[in-house]
Amino acid sequence: MDIHTRICSLLKILNEGIFGKEDAVKLALLAAISGESIFFLGAPGCAKSMIARRVASAFKSDKNDSKSVKYFEYLMNQFSTPEDVFGPISLKSLENDEYRRVTTGFLPEADVAFLDEIWKASPAIQNTLLTIINERKFHNGNEAVSVPLKALLAASNELPAQGMGLEALYDRFIIRKTVGYVNNEDDFFDMIEQPSSTKWTFPDDKESLKITNEEMVAWQSEIDAITIPDEVRMVISMIRKALAVNNQSANNTDSDKIVVSDRRWKKIVHIMRASAFLNGRNEVDLMDCQLISHCIWNKESDIDFVNKIIENCILQNG
């Protein structure tokens, strides 16, 4: 089975019983395979946590083991402490004058993690998350431990408040997706009429579709080998220039500016390469450029503006 057919089959399974969230599931799986993080913006009850659990179920440990990967989920609140996310302090270590955490069952040992109400995290949690996302390292005592985290999915019903020091953490979520309630009437009634007792599980006869750790490692080198053609370079260049013009407008305040760092552009291109690979192509094409619209907005009012820029740049190049 080719990679494109396999991913389409996998997505079909992951979307069973979820209505109107196909794009969110696709982007979450793409983020996980790319090794990047995704942020969902939406009101409570929009299936954000369900999407995260479904994406986690798309992976397994290795080819000879049907066991699912380790998944960690936590709902932040103003009283959340590092112990809630990274594990309690080891009492045995303290007896030996060492400060270490027992990380079993917590985020440092998770393959996929979901943090709800992410902006309620304390500065101590935020700073540790930055290191985990950036370097895939967790500093446990005097030791920097590599974490197996494939993807961090986060959600909130609000954007990070300005002036609260959340900008660095927000910038680490390369893909950003708004998630709303079910709009389509047919989907809506299918959803509410679905029996409450219905429990979704990944079908046993489709286990071969799951992605193994070995495949994830092998795929990364293939993704890095995907080429970027001139027309895609031109689209990116035009988007950058359009954003620069917007940012230099005398009528725009700082909150109206859309600044995309070099690091962020590099990760965006990596995601575009992953998209091309999963679609069975050897190079990025203009369709992959549409993903940029999910990666460069900061607030909801930016979305329409960003979409228009990207649409125009793509049309002008093909």
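Worth saying up front: this structure is predicted, and the values here are computed from it rather than measured.
Side-chain atoms of Arg281 come within 3.5 Å of backbone atoms of Glu283 as a donor-acceptor pair (strictly under, hydrogens ignored). Between the side chain of Asn134 and the backbone N or O of Thr131 there is no donor-acceptor pair closer than 3.5 Å. In this structure a side-chain-to-backbone donor-acceptor pair under 3.5 Å is present from Arg100 to Asn140. Put simply, the side chain of His270 gets close to the backbone of Ser34: a donor and an acceptor are under 3.5 Å apart.
A salt bridge links Arg264 with Asp171: the closest approach of a Lys/Arg side-chain nitrogen to an acidic carboxylate oxygen falls below 4.0 angstrom. Ion pair Lys150/Asp111 flagged as a salt bridge, since at least one NZ, NE, NH1 or NH2 atom sits closer than 4.0 Å to an Asp/Glu carboxylate oxygen. For Arg6 and Asp2, the salt-bridge test fails: no basic side-chain N is under 4.0 Å from an acidic carboxylate O. With salt bridges taken as basic N to acidic carboxylate O contacts below 4.0 Å, none links Asp288 and Arg273. A salt bridge does not link Glu98 with Lys92: every distance from a Lys NZ or Arg NE/NH1/NH2 to an Asp or Glu carboxylate oxygen is 4.0 Å or more.
Note on residues 176-186: pairs passing side-chain hydrogen bond (donor to acceptor under 3.5 Å, both in side chains), not counting sequence neighbours, are Arg176-Asn298. Every pair passing salt bridge (Lys or Arg N to Asp or Glu O under 4.0 Å) that includes a residue from residues 20-49 is listed here, sequence neighbours excluded: Glu36-Lys267.
In this pair, Tyr74 and Phe72 present their aromatic rings parallel. The plane angle is below 30°, not in the 30 to 60° band.
Listed by chain and number, the residues in a salt bridge (Lys or Arg N to Asp or Glu O under 4.0 Å) with Arg233 amount to none (sequence neighbours excluded). When the ring-ring contact (aromatic ring centres under 6.0 Å, His included) test is applied to Phe277, the partners found at least two apart in sequence or on another chain are Trp219.
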Considering only distance and modelled atom types, tabulate donor-acceptor pairs under 3.5 Å from the side chains of residues 112-120, sequence neighbours left out.
residue, atom, partner, partner atom, Å
Glu117, OE1, Lys120, NZ, 3.3
Glu117, OE1, Ser156, OG, 3.4
Trp119, NE1, Glu158, O, 3.2

Cut-off 3.5 Å, no hydrogens considered: what does the side-chain donor-acceptor table look like for residues 304-318, sequence neighbours left out?
residue, atom, partner, partner atom, Å
Asn307, ND2, Ile303, O, 3.4
Asn312, ND2, Lys308, O, 3.2
Asn317, ND2, Cys313, O, 2.8

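Between Leu209 and Met1 the shortest side-chain heavy-atom distance falls below 4.5 Å.
More than 12 heavy atoms of other residues, nucleotides or ligands sit less than 6.0 Å from atom CE of Met238. Within 6.0 Å of the CZ atom in Arg263, the count of heavy atoms belonging to other residues, nucleotides or ligands exceeds 12. Counting non-hydrogen atoms of neighbouring residues, nucleotides and ligands closer than 6.0 angstrom, the CD1 atom of Ile192 exceeds 12 such neighbours. The number of heavy-atom neighbours closer than 6.0 Å to CE of Met216, taken from other residues, nucleotides and ligands shown, is above 12. At most 12 heavy atoms of other shown residues, nucleotides or ligands fall within 6.0 angstrom of atom NZ in Lys206.
Annotation: Phe138 is in aromatic contact with Phe86 [ring centroid separation under 6.0 Å].
For the residue pair Trp297 and Tyr170, the shortest heavy atom distance occurs at CZ3-OH, 3.8 Å. When all heavy atoms are compared, the tightest approach of Pro148 to Pro108 is CD-O, 3.4 Å.
Using modelled atom types, one finds a donor on one side chain and an acceptor on the other under 3.5 Å when comparing Asp84 with Thr81.
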